[in-house]
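Because only heavy atoms are used, hydrogens play no part in the values below, and waters and symmetry mates are left out as well, while side chains stay in. A quick note: this is a predicted structure, and the numbers were derived from the prediction, not measured.
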Amino acid sequence: MDFAAARKVMVDSQVRVNDVTDRALQAALLETPRERFLPSDRAFSAYAEIQPEIANGRLLMLARDLSKLLMALGARPGERALAIAAPYAGAVLARMGLEVTAQEADAAVFEVVGPVLADEGVQTVVAPLTAPSGEGYDVIVSECAVPGRPEAWLAALKVGGRLAVVERSSAAGKAVLYVRGEQGVSRRELFNAAPQVLAELQPEPTFAL
């Protein structure tokens, strides 16, 4: 399979047509080998309009949704980024000149994507996703949805830092952009999306007596 050709088709048919106009982002998507974020027997599915499985139920986000999230971040070369459950996004940001750390709770994900992240210069850390590794980030992004406002993630942003994530508590979710300011955090809704929800961020069920 000609992955370079498939990558161009993906950018032309899933990214550009969905109002992703950032040329640096387009170039990074054209360069980043999405097929290497899947086991070799599923690499052929990397550029289809689906969410293929990386490992243990973890999925790659749709290219359309991810590219729109990344454009909303307005990432700049030299910024520090944390990719939470977002290995492919982390590699794209690294191609854009950011200093990136990828955080996963399940080491099995890094067994698949670790080699390509190392090649892309992305640092990796295995830690619970409820608590970001480090602080003072310019950019945080996730390829998975969260059930509500992720306060711990917001606390890891520096002033002026941005978080792009999908909030989803039902069948439909909403991509949002948070910006941390001197006086608090702003929130802006972006577009509809429905990626998988991170199970460990789901609230504990309550039972009425």
Side-chain angles (χ1 to χ4, degrees), residues 14-22 24-26 28-29 49-51 54 57-76 79-94 96 98 100-105 127-204:
Q14 300 175 45
V15 175
R16 290 192 174 109
V17 296
N18 284 295
D19 299 320
V20 177
T21 56
D22 184 317
L25 174 56
Q26 291 177 4
L29 290 165
E49 292 187 62
I50 61 173
Q51 300 181 78
I54 302 171
R58 272 290 316 286
L59 309 178
L60 273 179
M61 191 179 220
L62 290 171
R64 174 260 187 192
D65 293 348
L66 179 63
S67 61
K68 290 172 76 70
L69 274 184
L70 292 179
M71 188 172 76
L73 280 173
R76 296 182 289 272
E79 290 190 315
R80 292 181 64 233
L82 179 64
I84 302 178
Y88 175 64
V92 173
L93 289 171
M96 295 176 71
L98 281 75
V100 184
T101 298
Q103 180 174 339
E104 295 286 346
L129 302 181
T130 51
S133 175
E135 59 185 4
Y137 289 102
D138 299 287
V139 165
I140 298 177
V141 66
S142 180
E143 292 183 43
C144 295
V146 296
R149 181 181 170 110
E151 296 292 354
W153 295 9
L154 292 170
L157 291 172
K158 67 188 296 185
V159 173
R162 293 90 67 203
L163 164 65
V165 68
V166 175
E167 294 178 346
R168 182 182 177 194
S169 58
S170 61
K174 183 72 71 173
V176 298
L177 177 70
Y178 287 99
V179 180
R180 185 172 182 180
E182 294 279 2
Q183 305 301 320
V185 177
S186 66
R187 176 183 181 277
R188 177 165 62 93
E189 295 187 350
L190 303 171
F191 56 91
N192 295 328
Q196 67 181 139
V197 181
L198 287 173
E200 63 189 280
L201 269 66
Q202 293 277 23
E204 292 291 331

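- Residues that satisfy the side-chain contact (heavy atoms from CB on, under 4.5 Å) test with S67, not counting sequence neighbours, are V15, V20, L29.
- Closest approach of V17 to Q14, counting heavy atoms only: CG2-N, 4.1 Å.
- Here K174 pairs with V176, E189, N192 under the side-chain contact (heavy atoms from CB on, under 4.5 Å) rule; sequence neighbours left out.
- The distance from the CZ atom of R64 to the CG atom of L69 is 9.5 Å, given to the nearest 0.5 Å.
- Shown here are the side-chain contact (heavy atoms from CB on, under 4.5 Å) partners of R76, two or more places apart in sequence or in another chain: E79, R162.
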Decide yes or no on side chain to side chain contact (heavy atoms under 4.5 Å, CB included) for V146 and W153, but give the supporting numbers first. CA-CA 11 Å; V146 296; W153 295 9; 3.6 Å; yes

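- Counting all heavy atoms, side chain and backbone alike, A75 lies closest to L93 at CB-CD2, 3.8 Å.
- Taking E49 as the reference, nothing meets the side-chain hydrogen bond (donor to acceptor under 3.5 Å, both in side chains) condition, with sequence neighbours excluded.
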Check against side chain to side chain contact (heavy atoms under 4.5 Å, CB included), M96 and L70: CA-CA 11 Å; M96 295 176 71; L70 292 179; 5.7 Å; no

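- Taking each heavy atom of P195 and A193 in turn, the nearest pair found is CD-C, 3.5 Å.
- A distance-only check finds a donor-acceptor pair linking the side chain of R180 to the backbone of L157 [under 3.5 Å].
- The line from CG of D19 to NZ of K68 is 5.5 Å long, rounded to the nearest 0.5 Å.
- Remark: L198 CG to E143 CD distance equals 10.5 Å, nearest 0.5 Å.
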Would you be so kind as to tabulate the donor-acceptor pairs closer than 3.5 Å made by side chains of residues 128-137, with sequence neighbours excluded?
residue	atom	partner	partner atom	Å
Y137	OH	S133	O	2.5

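- Here R58 pairs with E104 under the side-chain hydrogen bond (donor to acceptor under 3.5 Å, both in side chains) rule; sequence neighbours left out.
- The two residues A72 and L177 make their nearest non-hydrogen contact at O-CD2, 3.5 Å.
- Under the rule for a side-chain contact (heavy atoms from CB on, under 4.5 Å), the partners of E151 that lie at least two apart in sequence or sit in another chain are R149, L154.
- Rounding to the nearest 0.5 angstrom, the gap separating the CD1 atom in I84 from the CG atom in L163 is 7.5 Å.
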Start with the C-alpha distance between L82 and Q103, add both sets of side-chain angles, then the distance that settles side chain to side chain contact (heavy atoms under 4.5 Å, CB included), and finish with yes or no. CA-CA 7 Å; L82 179 64; Q103 180 174 339; 4.0 Å; yes

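- When the side-chain hydrogen bond (donor to acceptor under 3.5 Å, both in side chains) test is applied to E167, the partners found at least two apart in sequence or on another chain are Y178, R187.
- D138 meets the salt bridge (Lys or Arg N to Asp or Glu O under 4.0 Å) test with K158; sequence neighbours excluded.
- Between G57 and Q196, the shortest heavy-atom distance links the atoms O-NE2, 3.1 Å.
- Residue pairs that meet the salt bridge (Lys or Arg N to Asp or Glu O under 4.0 Å) test with at least one member in residues 81-90, sequence neighbours left out, do not exist here.
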